[in-house]
Amino acid sequence: DIVIFKYPDNESINYIKRIIGLPGETVTIKDSKVYINNSATPLKEDYLKEEWVIANDGMQFQVPEGCYFMMGDNRNNSYDSRYWDEHFVPANKVMSKVCLHFHLGASDKDSQDDMTAQKGEN
């Protein structure tokens, strides 16, 4: 799940990241892959859009009960649980699950035209 939560190192800031580690799990990063509870099979992460080149090999985190371990989908440029002073997000600091992400980009010309038409701008 992707969630919005209070950033643990400064709760005046809201972050949005993917939950990678659940309460009680061990998250291990090895060879640019994430392993949960010392599984021989890495976490299947089809949502990653680029090769993960910043490996963070050898990192291991034991997620405390009542907390989550978060990572961004842009692993090469994401300030997430791997780097925070407080690595874990308490469950009571999760504000919302993200159900839909909609982005208008340059390749979404038809969608932009539809939005303009809905606003009565053309």
Side-chain angles (χ1 to χ4, degrees):
D1 289 342
I2 298 173
V3 296
I4 301 169
F5 56 92
K6 296 289 183 187
Y7 168 48
D9 291 342
N10 181 350
E11 291 188 8
S12 69
I13 300 171
N14 296 334
Y15 266 28
I16 181 169
K17 302 283 180 198
R18 186 177 299 272
I19 296 175
I20 297 297
L22 298 174
E25 291 183 335
T26 300
V27 177
T28 304
I29 301 169
K30 178 181 167 191
D31 299 327
S32 300
K33 304 278 187 224
V34 174
Y35 296 84
I36 304 297
N37 292 334
N38 300 313
S39 171
T41 306
L43 188 63
K44 185 176 179 183
E45 298 187 289
D46 295 336
Y47 43 81
L48 297 180
K49 302 294 184 205
E50 63 187 12
E51 183 179 341
W52 189 4
V53 296
I54 299 175
N56 302 121
D57 283 351
M59 293 182 116
Q60 188 171 65
F61 303 90
Q62 179 63 46
V63 185
E65 289 300 323
C67 294
Y68 299 102
F69 184 85
M70 309 292 194
M71 292 180 80
D73 289 355
N74 178 3
R75 300 290 163 79
N76 297 311
N77 193 27
S78 179
Y79 187 64
D80 53 36
S81 285
R82 295 171 288 171
Y83 306 112
W84 303 335
D85 291 335
E86 178 54 50
H87 295 291
F88 310 104
V89 175
N92 65 352
K93 300 301 179 181
V94 174
M95 299 161 31
S96 177
K97 178 179 174 180
V98 176
C99 297
L100 175 67
H101 174 78
F102 184 75
H103 174 73
L104 291 176
S107 64
D108 295 326
K109 177 79 170 88
D110 292 335
S111 295
Q112 290 174 352
D113 290 345
D114 290 344
M115 293 286 289
T116 301
Q118 288 175 12
K119 293 179 185 177
E121 296 175 1
N122 67 350

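Heavy atoms only: backbone and side chains are in, while hydrogens, waters and symmetry mates are out. For the single chain, residues carry numbers from 1 onward in sequence order.
- Under the 3.5 Å distance criterion, the side-chain polar atoms of Asn38 are left unmatched by any main-chain donor or acceptor of Val27.
- Between Tyr83 and Ser78, the closest heavy-atom pair is CE1-O, 3.5 Å.
- Remark: Glu25 CD to Cys67 SG distance equals 13.0 Å, nearest 0.5 Å.
- For the pair Asn56 and Ile29, the tightest heavy-atom approach, listed with the atom from each and the gap, is O-CG2, 3.6 Å.
- Nearest heavy-atom pair across Ile19 and Met70 is CG1-SD, 3.6 Å.
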Report the C-alpha separation of Val34 and Glu45 in whole Å, then their side-chain angles, then the decisive distance to 0.1 Å, and conclude whether the side chain to side chain contact (heavy atoms under 4.5 Å, CB included) test is met.
CA-CA 9 Å; Val34 174; Glu45 298 187 289; 4.0 Å; yes
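- Under the 3.5 Å distance criterion, the side-chain polar atoms of Gln62 are matched with a main-chain donor or acceptor of Gly24.
- A heavy-atom distance below 4.5 Å is found between the side chains of Asn14 and Lys6.
- A side-chain donor-acceptor contact under 3.5 Å links Arg75 to the backbone of Gly72.
- Heavy atoms of other residues, nucleotides or ligands lying less than 6.0 angstrom from OH of Tyr68 number 12 at most.
- When all heavy atoms are compared, the tightest approach of Pro42 to Lys33 is CB-CB, 3.8 Å.
- Residues Ser81 and Phe61 share a closest heavy-atom pair of O-CE2, 4.4 Å.
- Under the 4.0 Å criterion applied to side-chain N and carboxylate O atoms, Lys17 and Asp80 are not assigned as salt-bridge partners.
- Rounded to the nearest 0.5 Å, atoms OH (Tyr79) and CG (Asn74) are 15.5 Å apart.
- Of the inter-residue distances, the one linking Ile13 atom CD1 with Phe5 atom CZ reads 11.0 Å to the nearest 0.5 angstrom.
- Between the side chain of Asn37 and the backbone N or O of Thr26, at least one donor-acceptor pair lies under 3.5 Å.
- A salt bridge does not link Lys49 with Asp73: every distance from a Lys NZ or Arg NE/NH1/NH2 to an Asp or Glu carboxylate oxygen is 4.0 Å or more.
- Atom CD of Glu11 has more than 12 neighbouring heavy atoms from other residues, nucleotides or ligands inside a 6.0 Å radius.
- Although no hydrogens or angles enter the test, the distance criterion places no donor-acceptor pair under 3.5 Å between the side chain of Ser96 and the main chain of Ile4.
- Between the side chain of Asp9 and the main chain of Asp85, a donor-acceptor pair closer than 3.5 Å is present.
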Residue pair Asp1, Arg18: steps toward the side chain to side chain contact (heavy atoms under 4.5 Å, CB included) verdict
CA-CA 6 Å; Asp1 289 342; Arg18 186 177 299 272; over 6 Å; no
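- In the hydrophobic clustering of this structure, Met71 does not group with Tyr35; members are Ile, Leu, Val, Met, Phe, Trp, Tyr whose side-chain heavy atoms approach within less than 4.5 Å, directly or through other members.
- Contact record, Ile16 with Val98: CD1-CG2, 3.3 Å, taken as the closest heavy-atom pair.
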Verdict with supporting geometry, Tyr15 and Trp84, ring pair (Phe, Tyr, Trp, His ring centres under 6.0 Å)
CA-CA 12 Å; Tyr15 266 28; Trp84 303 335; 5.8 Å; yes
